[in-house]
Trainee: 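Mind having a look at this structure? Questions to follow.
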Amino acid sequence: MCGVVGIVGCSAVNQSIYDALTVLQHRGQDAAGIVTIDNQNRFRLRKANGLVKDVFQEHHMQRLQGHLGIGHIRYPTAGSSSPSEAQPFYVNSPYGIALAHNGNLTNTDELSNKVFELARRHINTNSDSEVLLNIFAHELDKFPAYPLTADNIFTAIHNVHNIIKGAYACVAMIIGHGLVAFRDPYGIRPLVIGKRVLENQKIEYMVASESVALDILDFEFMRDVQPGEAIYITQEGQLYSQQCSDNPQYYPCIFEYVYFARPDSLMNGVSVYQSRILMGQKLGQKIAREWKGVDIDVVIPIPETSCDAALEIARILNKPYRQGFVKNRYVGRTFIMPGQRARKLSVRRKLNANRIEFEGKNVLLVDDSIVRGTTSKEILDMVRSVGAKKVYLASAAPEIRHPNVYGIDMPIASELIAHNRTVDEIAKDIGADKLIFQSLSDLVASITTQNPNIHHLECSVFDGKYITEGIDDNYLSLLEQKRSENKKSPACKESENLEIYNEEQ
């Protein structure tokens with residue numbers, strides 16, 4: 001999962017992009033990058049591994065001149081955590097193009113070969129984003145006239161849609177032209193656009209992964225970029241938009257609402273905060289129906305994505321809601337930690353149980369989701385060590401039984417605790433006295449009821465239904481084989497192949 005931002009302004013945009021990336025930091029902590037176009041039509045680029053605040057020092061910011069720029073924050077889904085795979089990427093031909101990408105392509109190997117055979121373009125990293133950039137550049141190179149027209153750019157993006165498969169929300173810049181943004185035909189990964197009207201009535205535009213990035217810079221939220229749509233904003237601030245897909249459909253990623261997005265974001269016409277409130281209401285109603293004889297003394301969230309849901313569960317069950325965990329905010333999120341042992345140790349460094357809320361009580365813990373179950377087990381052990389009598393666990397999401405191939409680096413099926421296990425078996429494995437999961441229909445309803453135009457969600461981690469072509473048992477087997485090979489590689493041993501694992505899981 002990554003975050004992207006792009007701004008066409010009337011003055012320097014370096015600070016604004018930096019500020020936007022800081023509020024999107026929850027979407028990735030592995031690397032950060034900014035590229036701008038200066039007044040001599042040259043790219044100014046800074047990218048490196050680390051948090052936004054560590055990657056950009058004052059001397060870097062001073063060099064990032066220009067009123068047009070894009071930014072990216074990353075955690076690795078395809079490729080590795082090597083600094084060479086930090087984004088944005090750029091190519092010199094044609095014109096000079098820089099691009100940042102959130103998502104994951106599912107036909108990368110095929111595309112890498114194709115882009116070399118057709119265009120003699122060399123891919124220098126393992127990143128699917130570099131492949132995407134070169135496909136886009138090759139399509140733009142087919143137009144001999146200079147400068148490119150908006151129709152040229154939209155035609156190129158239409159062709160890109162027909163070539164690549166998977167999930168992608170992209171921002172790009174073309175030297176001598178302006179900023180381009182586009183979203184995959186299913187709208188799996190989020191992208192929004194906003195504007196800011198200055199005192200002189202000039203308009204600045206911004207695109208970003210989440211609306212919260214617009215909010216903190218006083219950009220007015222205009223709308224979501226539609227599935228398959230492309231936006232082109234010239235260096236002079238002229239905005240063009242066009243639908244570039246032959247068959248666009250809304251299938252936004254359901255896990256954005258469960259965990260990834262900030263609660264104060266609005267995406268696809270849905271409030272993330274309100275969706276989590278509804279998740280809590282529906283799960284609370286399920287607990288009330290199915291656990292009538294269960295004695296619960298207190299409801300406690302595992303911080304902090306589950307707090308909103310837990311509050312509603314406590315209200316429905318008429319039980320006290322308490323903050324039973326104290327969080328050390330100076331430890332990195334556990335899903336970024338390299339290696340399983342480091343993640344387990346990080347749980348104890350990150351969370352401490354407040355004994356007074358647990359001792360002698362039957363506790364209902366609420367989490368947003370459970371992936372491997374390793375962290376859940378560590379947390380339940382911690383709760384028992386401070387005197388809890390019984391420990392129950394409720395998950396605001398259903399059982400995660402299938403890998404994700406669209407930009408969330410969830411492990412292969414055999415590493416998922418719910419794969420081929422019953423709820424009772426999962427409960428025994430993690431040490432819960434009782435365990436309950438949200439139903440998929442209730443989770444979907446928590447989101448779609450806010451926007452009747454969304455008829456489907458991308459739910460593959462729960463139901464195993466992949467909406468793009470080519471995701472079958474053979475593809476998933478090859479993915480598992482490649483993951484196994486990567487774990488044995490020297491590069492992986494050095495970087496520990498950073499794997500996603502939510503701090504709440």
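Only a predicted model underlies this, so the values are computations on that prediction, with no experimental measurement involved.
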Trainee: With a 6.0 Å cut-off (strictly less than), is the heavy-atom count around CG of D473, excluding the residue itself, greater than 12?
Mentor: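 No - once you tally the heavy atoms of other residues, nucleotides and ligands closer than 6.0 Å, there are 12 at most.
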Trainee: Using 4.0 Å as the upper bound for N to carboxylate O, is an ion pair formed by E378 and K350?
Mentor: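 The answer is no: the pair does not qualify as a salt bridge.
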Trainee: Under 4.0 Å between a Lys/Arg side-chain N and an Asp/Glu carboxylate O for E415 and R372?
Mentor: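 Here E415 pairs with R372 in a salt bridge, since their nearest N and O are under 4.0 Å apart.
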Trainee: Considering only NZ, NE, NH1 and NH2 on the basic side and carboxylate oxygens on the acidic side, decide whether E399 and R421 come within less than 4.0 Å.
Mentor: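 Looking at R421 together with E399, the answer is no, because their closest N to O distance does not fall below 4.0 Å.
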Trainee: Strictly below 4.0 Å, N to O, side chains only: are D381 and K377 in salt-bridge contact?
Mentor: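 A salt bridge is present here (some side-chain N lies under 4.0 Å from a carboxylate O).
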Trainee: With a 4.5 Å limit on heavy-atom distance, are the side chains of L132 and L105 in contact?
Mentor: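 A side-chain contact exists here, since the closest heavy-atom pair is under 4.5 Å.
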Trainee: Hey, which of K389, K390, R384 is the one that makes side chain to side chain donor-acceptor pair (under 3.5 Å) with D433?
Mentor: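 By the side chain to side chain donor-acceptor pair (under 3.5 Å) criterion, D433 pairs with just one of K389, K390, R384: R384.
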Trainee: Are I287 and L283 close enough, and set up right, to give a side chain to side chain contact (heavy atoms under 4.5 Å, CB included), and what steps lead you there?
Mentor: CA-CA 6 Å; I287 294 169; L283 183 55; 4.1 Å; yes
Trainee: Check this for me: does any side-chain nitrogen of one of E256 and R27 sit under 4.0 Å from a carboxylate oxygen of the other?
Mentor: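 Looking at R27 together with E256, the answer is yes, because their closest N to O distance falls below 4.0 Å.
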Trainee: We want to know whether Q281 and E312 form a side-chain donor-acceptor pair, criterion being a heavy-atom distance below 3.5 angstrom.
Mentor: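 Present: a donor and an acceptor within the cut-off.
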Trainee: Does F221, at its CZ atom, have more than 12 non-hydrogen atoms belonging to other residues, nucleotides or ligands within less than 6.0 Å?
Mentor: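 Result for CZ/F221: enclosed.
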Trainee: Applying the side chain to side chain donor-acceptor pair (under 3.5 Å) test to S129, which of H101, R74, H72 qualifies?
Mentor: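 One option only clears the test, and that one is H101.
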Trainee: Is there a donor-acceptor contact under 3.5 Å linking the side chains of D368 and Y257?
Mentor: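 The criterion, which ignores hydrogens and geometry beyond distance, is not satisfied for Y257 and D368.
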Trainee: Would you check, one step at a time, whether the test side chain to side chain contact (heavy atoms under 4.5 Å, CB included) holds for L191 with D224?
Mentor: CA-CA 6 Å; L191 195 64; D224 293 277; over 6 Å; no
Trainee: Does the separation of the ring centres of F325 and F358 fall below 6.0 angstrom?
Mentor: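 Close enough - the centres of the two rings lie under 6.0 Å apart.
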Trainee: For T106 and Y466: C-alpha separation, side-chain torsions, deciding distance, then whether side chain to side chain donor-acceptor pair (under 3.5 Å) applies.
Mentor: CA-CA 11 Å; T106 59; Y466 299 94; over 6 Å; no
Trainee: Take K327 and E304 through the salt bridge (Lys or Arg N to Asp or Glu O under 4.0 Å) test and state the conclusion after the steps.
Mentor: CA-CA 9 Å; K327 187 174 181 180; E304 50 193 60; 3.3 Å; yes
Trainee: Are H161 and Y168, when compared by the centres of their aromatic rings, separated by less than 6.0 Å?
Mentor: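 Under 6.0 Å, so yes.
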Trainee: When you look at T448 and H455, which way does the side chain to side chain contact (heavy atoms under 4.5 Å, CB included) test go after all the steps?
Mentor: CA-CA 7 Å; T448 56; H455 303 293; over 6 Å; no
